[in-house]
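This report refers to the structure that appears directly beneath it.
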There are 2 protein chains.
Amino acid sequence: MKQATTKDRILLSALDLFSQYGYEAVSVEQIAQAVGIKAPSLYKHYKSKQDIFDAIFVEMQRRYDEQTEKMNLHMTNASADQNRFSEIKADALVQEVQKLIGYSLHDEYISRFRRLMTIEQFRSRSISALYTHRYVNRFVLYHEKLFEGLIHAGVMKDGDIHSMALQYVCPVLICLSICDRQPELEMQTMAQIDAHIRQFLVAYQLNKEKM
Amino acid sequence: MKQATTKDRILLSALDLFSQYGYEAVSVEQIAQAVGIKAPSLYKHYKSKQDIFDAIFVEMQRRYDEQTEKMNLHMTNASADQNRFSEIKADALVQEVQKLIGYSLHDEYISRFRRLMTIEQFRSRSISALYTHRYVNRFVLYHEKLFEGLIHAGVMKDGDIHSMALQYVCPVLICLSICDRQPELEMQTMAQIDAHIRQFLVAYQLNKEKM
DNA sequence: GTCTATATCCAGATAGAC
DNA sequence: GTCTATCTGGATATAGAC
């Protein structure tokens, strides 16, 4: 575990500023100031302002891949997740989702990068597509598979799995976006996620006694 | 019905450019060029670039109020909506939602302003709050009231109305944001909204025969 | 109300000393 | 690897002719 280099600190400061004000609105001098150096010194680490922006994307892609790899280990056998779900203890499920959301909200790289993506999403096709994939479809697709298995296992009511996945995932995503925008609402938003998950289970969990 | 003045055309062009690239990234010269004049001419209509930005917000607030007033006339007696819903013909409901979404997507002011809000949402508290209210809470609150009435009328299953409203509204909002980002996905996204609404009715509509 | 010319300013980036 | 000094371009905005 090595300490953060100046190059790393520049990247994080730039990410912080870009994610709040947008790329164009932030000057190189501001970034340098946040790091505690003068603007020209910064050019020893990155060859241009655009270079810093690009480096942010490379770094976040690296972190994303790293994370995805871990998750794959955790669920190559997607059945593992299904087993966890098939008991569907509401309390445990809620806690797990909230833990993930909390991480996603408070990690200084992940949350800032998501905000950066949000405000730069209309600038290029590739960013648009990346946004939809990473912040919407990935979660929907995961839950489609999960629900498919749960229906097959007779734990969940049958239905259109894509719509069910949307109904489960989208409220969480919207709550996340609210917290990104208004961190002061985090507690009450978390409570809404709690209620949402429980209501979803009421609506879609198969009541075995009645079968 | 008077034709658009130069001042109006400046506002619309600026809105168009700001909504794609952000305020800072757009130059006054670009706006002028889009209108077909030179930058200095623009200062006869607005006293600064910031003044144009502010005028956009004033104009959109005016349009919003105008729209809201119409809707209030249409539903001061919220029961009117409940009556429409209480029959809940899926086809009609789907069509109505898709019509609203289509309008919201293709109106040259509304869609651009929503994109502008999206990319400027982190720059000030007031914009953040405005965003959450206008693009999330307004719809959730409306459907909470609606569902409350429908449950009371015995048309819909009982449950946590806030969560139910989230599950109905959020997938639509997410689909809208996808279309804002990737207009080429509009058709398939509309189909997803269709399926979502039908699935929601399956999950939450009370089956009267079984009562 | 539009233009050309111009003032002013500031940001990104480089040169070169230490 | 950091600094000061500086170059350069481009942006906002103004002045004043038509």
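A note on names: the letters A, B, ... follow the listed sequences, proteins ahead of strands, and every chain is numbered from 1.
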Please tell me whether A:Ser177 and A:Asp180 have a donor and an acceptor in their side chains that are separated by less than 3.5 angstrom.
no
Can a donor-acceptor pair be found between the side chains of B:Asp8 and B:Thr5 at a distance below 3.5 Å?
yes
Are [X] and [Y] an aromatic pair by the rule of ring centers under 6.0 Å?
X        : Y        : result
A:Phe113 : A:Phe57  : yes
A:Tyr204 : B:Tyr204 : no
A:Phe200 : A:Phe147 : yes

For A:Leu100, does its backbone N or O pair with a side-chain atom of A:Ser104 as donor and acceptor, under 3.5 Å?
no
Chain B reaches DNA chain C, atoms under 4.0 Å from its heavy atoms, from C:dT2 to C:dA5
For DNA chain D, determine which residues of residues 47-60 of chain B have any heavy atom closer than 4.0 angstrom to one of its atoms, and list them numerically.
B:Ser48, B:Lys49
Describe, in one word, how the ring planes of B:Phe53 and B:Tyr23 are oriented to each other, choosing from parallel (under 30°), tilted (30 to 60°) and perpendicular (over 60°).
perpendicular
Plane angle bin for A:Tyr64 and A:His133 - parallel if under 30°, tilted between 30 and 60°, otherwise perpendicular
perpendicular
Based on Watson-Crick and G-U pairs with both distances under 3.5 Å, what dot-bracket line describes DNA chain C 5' to 3', crossing pairs as [ ] and inter-strand pairs as |?
||||||||||||||||||
List the residues meeting ring-ring contact (aromatic ring centres under 6.0 Å, His included) with A:Tyr131, not counting sequence neighbours, and say none if there are none.
A:Tyr135
Are B:Glu59 and B:Arg62 close enough, and set up right, to give a salt bridge (charged side-chain N to carboxylate O under 4.0 Å, His left out), and what steps lead you there?
CA-CA 5 Å; B:Glu59 170 65 12; B:Arg62 195 188 61 73; 3.0 Å; yes
Could you state the interatomic distance from CE (B:Met117) to CD1 (B:Ile127), rounded to the nearest 0.5 Å?
6.5 Å
For DNA chain C, determine which residues of residues 15-46 of chain B have any heavy atom closer than 4.0 angstrom to one of its atoms, and list them numerically.
B:Ile37, B:Lys38, B:Pro40, B:Ser41, B:Lys44, B:His45
Which side-chain N or O atoms in residues 26-37 of chain A pair as donor and acceptor under 3.5 Å with protein atoms at least two apart or in another chain?
unit_1	atom_1	unit_2	atom_2	d
A:Ser27	OG	A:Gln30	N	3.1
A:Gln30	OE1	A:Ser27	N	3.0

